Amino acid sequence: MKALSPQQTGKYASWAFAEARPIEDDVLLMARDRSAELGITPVSEGTASVLTFLAAASRPQTMVELGTGAGVSGLALMRGAPTGAVLTSLDPDAEAQRAAREVFGAAGYPSSTTRLIAGRGRTVLPKLSASAYDLVFIDADPLLLEYHVTEAARVLRSGGMVIIHDALDQDRVPRPAVREAATVMLRDVGNKLRDDTTVWKTSTLLPTGTGLLLATRV
Ligand SMILES: C[S@@+](CC[C@H](N)C(=O)[O-])C[C@H]1O[C@@H](n2cnc3c(N)ncnc32)[C@H](O)[C@@H]1O
C-alpha cells in the first residue's frame, strides 16, 4: 500500500476527530462492554451518533434492525426516535439478544417498544407487513445484503429510510482490485441504491465509522 499523502493523513485525522467527538453515557458503555464480552463488533461512536441524529431528524415511529448484537445501534436509534417509537430487532444469537434486552431495560425502554426477535432476516422479514416501517437498519451478514435490501424496500413506507452499516467493508470497497464476494456485494448494492430511481428516491454514502450507505424509498 502507498504511503498516505499529507492530505490523506489530514483526512484520517479529521475522521478520527469526528469519531472521538461523541460522549457516551453509562448505558451505551455497558452495551459496548457486553458486545466485547460476546465477541461482537458494535457500530462505532461516530456511527452511533449519526444513527441517533438520523432518527431524531426523520422521526420514525416504526423501525426494523437486522443484527441486534448487544444493543449499541438499537439504543442509538431509540435515543433519537420520538417517544413511543417501536424497534423490531432481529438476530439469531439469543445470548446477544439477552444482553440487548438488559441494555434496553437499563435505558428505560420497555419490551413493548423494543421487540427482539431471535431469528434471521430470511425467516422473519417476509412476515413483516409491506409499507409499514419508517426506517430499516442493516448490520448483518453482507453476503445476504441484496436480499435484505429487497425486503427493506418492501417493508418501508414511501419516504422511509434504509441505513446499511459497514458500507465500505473495512475500506475495501474503494479498492477496485479487491474482488471478494462481500466487497463486490456492497459495491453492487451501493450502485443499485444510487441508480434504481424507481425504488430509491435519494441515496448517499457517509464515511463515518466503517461507512454508512443511506437511501430513501420512493
Ligand atoms: C456486527 S453485529 C451487530 C452489532 C449491532 N448492530 C450493534 O451495533 O451493537 C452483527 C450481528 O448480526 C447477526 N446476524 C448474522 N446474520 C444475520 C441474519 N441473517 N439476520 C439477522 N442477524 C444476523 C449476528 O448474530 C451478529 O450479532
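Owing to the predicted nature of the structure, the values given are computational and were not obtained by experimental measurement. We number each residue from 1, following the sequence as shown. Counting starts at 1 for both ligands and their atoms, following the listed order.
Salt-bridge formation is detected for the pair Glu24/Arg32: a Lys NZ or Arg NE/NH1/NH2 atom is positioned less than 4.0 Å from an Asp or Glu carboxylate oxygen. Residues Asp93 and Arg98 are not paired through a salt bridge, judged by the lack of any N-O separation under 4.0 Å between the basic side chain and the carboxylate.
Distances between N or O atoms of Ser35 and those of ligand 1 include no value under 3.5 Å. Checked by distance only, ligand 1 and Asp139 come closer than 3.5 Å through their nitrogen or oxygen atoms. At under 3.5 Å, not a single nitrogen or oxygen of Thr41, backbone or side chain, sits near a nitrogen or oxygen of ligand 1. Remark: ligand 1 and Pro92 share no N or O pair separated by less than 3.5 Å (distance only, no angle test).
Ligand 1 lies out of reach of Asp166, whose nearest heavy atom is not under 4.0 Å from it.
The minimum heavy-atom distance linking Gly46 with Glu19 is given by the pair N-OE1, 2.9 Å. In terms of heavy atoms, Leu38 sits closest to Ala99 at CD1-CB, 3.9 Å.
No hydrogens or angles considered: a donor-acceptor pair under 3.5 Å links the side chains of Glu65 and Ser73. Between the side chains of Thr47 and Thr208, no donor-acceptor pair is found at a separation under 3.5 Å. Between Gln97 and Thr68, the side chains place a donor N or O and an acceptor N or O closer than 3.5 Å (distance only, hydrogens not considered).
Remark: among candidates Ile117, Val72, Leu66, Ile40, the nearest residue to atom 9 (O) of ligand 1 is Val72, based on non-hydrogen atoms. The heavy atom nearest to atom 24 (C) of ligand 1, out of those in Thr68, Leu51, Asp91, is found in Asp91. Comparing Ser73, Gly69, Ala31, Ala48 by heavy-atom distance to atom 7 (C) of ligand 1, the nearest is Ser73. Closest to atom 12 (O) of ligand 1 by heavy atom, among Gly67, Ser44, Ala70, is Gly67.
In this structure, the protein non-hydrogen atom closest to atom 16 (N) of ligand 1 is Arg120 NH1, 3.7 Å.
The aromatic rings of His165 and Phe137 lie tilted to each other, with the angle between the two planes from 30° to 60°.
Atom numbering of ligand 1 starts at 1 in the shown order; those under 4.0 Å from a heavy atom of Leu90 are 21 (C), 22 (N). Close approach of ligand 1 to Leu144 is summarised as follows: ligand atoms under 4.0 Å from at least one heavy atom of the residue are 19 (N).
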